[in-house]
Amino acid sequence: MHKPIPLKFPAGMANDGRPKILMTVKDLSGTINEAEAALLHRGSNIYQMNGRLTQLVRHNATGDEDCTEETIDSDEAVRRPSGTLVIEEVGSYRLMELLSEAAHFYKWDNRAKSNRPDPDDPDKKGAWKEARPTIDIARHIEERGQWILRVLRGSVEAPTLRRDGSILQTPGYDRRSQLFFDPDDSAFPAVAKEPTRADALRGLDMLKQVIRDFPFVPAEREEWGGPTAARSVALSLMLTALVRRSLGTAPAHAVIAPTPGTGKTKLAEVAAVLATGRTPTSISYGKSQEEFEKRLFSVLLSGDAVVIVDNIEAEQVSSDEFCTVLTSESVKNRILGVSKMAEVPTSALFILNGNNISFAGDIVDRVVACNLDARMEDPKQRRFDFEPVSYALAHRGELVAAGLTILRAHVAAGFPGAEQLTPSRFPDWDRTVRAALVWMGEPDPQTTRDRIAVADPERDVRVALMSAWREGRRL
């Protein structure tokens, strides 16, 4: 384990502000120390993440993408819109490129006319000559495993709240949160540091406007078209998308309908557009648990912000690995195609989408559900003057500010909505998102878990077993 590297460059600095680094054999460690320090000094697009050297890149960005189109690069298992901001590992040659941008490197040339002695062989004379950094230096930096480079926890493409409730709205790397804010070409209004509850209610009305035409199914004692727990889940979907990187854990949000064409995917797209400016990364549930779990790890490894498990056809959703992902702040697994393990953050918002899907086992406690029902044979025949995804995209800046105003006002008030809540498995989400909605007078989104639990077939078996045991019956 090497010592922390001071930002000192013995050979000095060039006129362009980049350090000069002399590549010597006898002081290999010193050369590598200086090279790594140059990357940090330059603010290069390279970060450490749990033992990996990574960079942020825009997936297949060509500069003329339509962020809502569905011409999506695909490996059939994971589909990403062009321009998606993802995390990739930095290879040796990319690291050489970053080093050449960060510093001027020099090698000793024995053929140059000079009376100066070679630092590696005093019997030889020569001079320093500028050269590109060697692949050997790049590989040495890769293999260190511990660096002074900035730690990256994830990226955001819209302003957000930090874990302490403060507002992150300055583009670039944020040392306090270890998040990188890349707004791309989007502009966002400033969010007040101390908004009032009245400000929050105005923000809530703006978010409700976006989802006004979705047919949310009321629970018992709720009415069609009024405040419902299902609508609260939709509001939570938008708010959670904005702050998911700062929440330790958060529930999966399921959007369920009896028939296709009810608006399940559009609701997921609204949330993704607010957070990223484009539709969500999509994965399929697959034909086996193993397939699904590989896809889960793939999107976590790439740092996708919003992920929809689209058009689930399985009658029951159940996955021990998914349960772990939802209730852990990081998971560790093997990188597909490489004999290497990686630990990755789980700070993605997962949306589950399907017709008449149900949940079995431990996942029941890890999902909130938004049920939609157009109450007609073919919902696709409906015609609307209002297109929610296009509206969310056109008004993205003000809607993001509205959502953050809701959450920040709740923080400024001292989290009053959290006082009467029954805790779920997601304390950060309870305190930040769920409690803010309850404080605004909306139904508790967590109560939709009761509807999921009633439909859990494993629960029915357990209830039958316990009843039989109490009655002394033989099974």
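As the structure is a prediction and not an experimental result, all values here were calculated from the model.
The shortest non-hydrogen separation linking Ile308 to Ala268 is CD1-CB, 3.6 Å. Nearest heavy-atom pair across Val400 and Ala158 is CG1-CB, 4.1 Å. Across every non-hydrogen atom of Leu98 and Asn45, the tightest pair is CD1-O, 4.1 Å. Closest approach of Gly417 and Trp439 over heavy atoms only: CA-CB, 4.0 Å. Across Pro133 and Leu99, no two heavy atoms sit closer than the pair CG-CB, 3.8 Å. Of all non-hydrogen atoms in Leu267 and Leu237, the two that sit nearest each other are O-CD2, 3.9 Å.
A distance-only check finds no donor-acceptor pair linking the side chain of Arg366 to the backbone of Thr327 [under 3.5 Å]. Checked by atom type and distance alone, the side chain of Ser232 pairs as donor or acceptor with a backbone atom of Pro443 at under 3.5 Å. The closest donor-acceptor contact from the side chain of Asp373 to the backbone of Pro258 lies at 3.5 Å or more, if one exists at all. The backbone N or O of Leu40 sits nowhere less than 3.5 Å from a side-chain atom of Arg150 that would complete a donor-acceptor pair. Checked by atom type and distance alone, the side chain of Asn50 pairs as donor or acceptor with a backbone atom of Glu343 at under 3.5 Å. Counting only distance, with no hydrogens or angles, the side chain of Gln169 and the backbone of Val191 share a donor-acceptor pair below 3.5 Å. Panel note: side chain Ser246, backbone Leu161; a donor-acceptor pair is recorded below 3.5 Å. Not a single donor-acceptor pair under 3.5 Å links the side chain of Thr228 to the backbone N or O of Trp224. A donor-acceptor pair is defined here as one N or O able to donate and one able to accept, closer than 3.5 Å; no such pair exists between the side chain of Arg244 and the backbone of Ala305. For Arg52 (side chain) and Glu88 (main-chain N/O), no donor-acceptor pair under 3.5 Å exists by modelled atom type.
Below 30°, between 30° and 60°, or above 60°: for Tyr391 and Phe386 the angle between ring planes is between 30° and 60°, a tilted geometry. Using cut-offs of 30° and 60° on the angle between ring planes, the pair Phe322 and Phe292 is perpendicular. Using a 30° and 60° split on the angle between ring planes, Phe214 and Phe216 fall in the tilted class, from 30° to 60°. Between Phe415 and His410, the ring planes are perpendicular. Angles over 60° get that label, and only those under 30° would be called parallel.
Residues Asn355 and Lys264 bring a donor and an acceptor atom of their side chains to less than 3.5 Å of each other. A side-chain donor-acceptor contact under 3.5 Å links Arg94 and Gln55. Asp304 and Thr84 form no side-chain donor-acceptor contact under 3.5 Å, judged by distance and modelled atom types alone. A donor-acceptor pair shorter than 3.5 Å can be found between the side chains of Ser236 and Thr240. A donor and an acceptor atom, one from each side chain of Ser319 and Glu293, are located under 3.5 Å apart. Side chains of Thr160 and Arg245: a donor-acceptor N/O pair is absent below 3.5 angstrom, by distance only. Of the N and O atoms on the side chains of Arg80 and Ser302, at least one donor lies less than 3.5 Å from an acceptor on the other residue. For the 3.5 Å distance criterion, the side chains of Arg176 and Ser166 qualify, holding a donor opposite an acceptor.
For the atom pair CD (Glu36) and OG (Ser44), the distance works out to 11.0 Å, reported to the nearest 0.5 Å. Here the CZ atom belonging to Arg144 is positioned 5.5 Å from the OG atom belonging to Ser29, to the nearest 0.5 angstrom. We find the CG-OG distance between Leu393 and Ser186 to be 8.0 Å, quoted to the nearest 0.5 Å. Residue Ile452 holds its CD1 atom at 5.5 Å from CZ of Phe359, rounded to the nearest 0.5 Å. Summarising the geometry, atom CG belonging to Leu28 is positioned 7.5 Å from atom CD1 belonging to Ile137; distances are rounded to the nearest 0.5 Å. Distance check, rounded to the nearest 0.5 Å: CD1 of Ile256 to CG of Leu372 gives 9.0 Å.
Atom CD of Glu101 has more than 12 neighbouring heavy atoms from other residues, nucleotides or ligands inside a 6.0 Å radius. Within a 6.0 Å radius of CZ in Arg212, other residues, nucleotides and ligands contribute more than 12 heavy atoms. Crowding of Asp320 atom CG: a count of heavy atoms from other residues, nucleotides or ligands under 6.0 Å not exceeding 12. Arg153 CZ: more than 12 foreign heavy atoms inside a 6.0 Å radius. More than 12 heavy atoms of other residues, nucleotides or ligands lie within 6.0 Å of NZ in Lys208, so this atom counts as buried by the packing criterion.
In this structure the side chain of Leu149 reaches within 4.5 angstrom of the side chain of Ile46, judged on heavy atoms. By the 4.5 Å heavy-atom criterion applied to side chains, Ser82 and His59 are not counted as neighbours. Between Phe181 and Glu157, every side-chain heavy-atom pair lies at or beyond the 4.5 Å cut-off. Contact of the Leu207 side chain with the Ile406 side chain is registered, since non-hydrogen atoms from C-beta on lie closer than 4.5 Å. Within the 4.5 Å cutoff, no side-chain heavy atoms of Asp182 are placed close to those of Leu56. In this structure the side chain of Phe180 never reaches within 4.5 angstrom of the side chain of Asp174, judged on heavy atoms. Residues Leu399 and Val273 have side chains not in contact (no heavy-atom distance under 4.5 Å, counting atoms from C-beta outward). No side-chain heavy atom of Val368 sits under 4.5 Å from any side-chain heavy atom of Arg434.
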For this session: Test Leu421 against Val438 for side-chain contact (heavy atoms from CB on, under 4.5 Å), laying out the working first.
Result: CA-CA 9 Å; Leu421 292 184; Val438 172; 4.0 Å; yes
Exercise. So Val344 and Ile87, side-chain contact (heavy atoms from CB on, under 4.5 Å) or not? Walk me through it.
Worked result: CA-CA 11 Å; Val344 296; Ile87 295 167; over 6 Å; no
For this session: Starting from the C-alpha separation in whole Å, work towards a yes-or-no answer on side-chain contact (heavy atoms from CB on, under 4.5 Å) for Ile141 and Leu53.
Result: CA-CA 9 Å; Ile141 292 175; Leu53 287 181; 4.2 Å; yes
For this session: May I have the step-by-step check of side-chain contact (heavy atoms from CB on, under 4.5 Å) for Asp184 and Arg278, ending in yes or no?
Result: CA-CA 12 Å; Asp184 203 7; Arg278 60 189 53 80; 4.2 Å; yes
For this session: Please step through side chain to side chain donor-acceptor pair (under 3.5 Å) for the pair Ser284 and Arg295, ending with a clear verdict.
Result: CA-CA 8 Å; Ser284 59; Arg295 292 164 192 168; 2.6 Å; yes
Problem set entry | Trace of the salt bridge (charged side-chain N to carboxylate O under 4.0 Å, His left out) decision for Arg79 with Asp310 | CA-CA 11 Å; Arg79 295 164 57 84; Asp310 206 11; over 6 Å; no
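Ionic pairing of Glu89 and Lys340 is present here: one or more N-O contacts between side-chain nitrogen and carboxylate oxygen are shorter than 4.0 angstrom.
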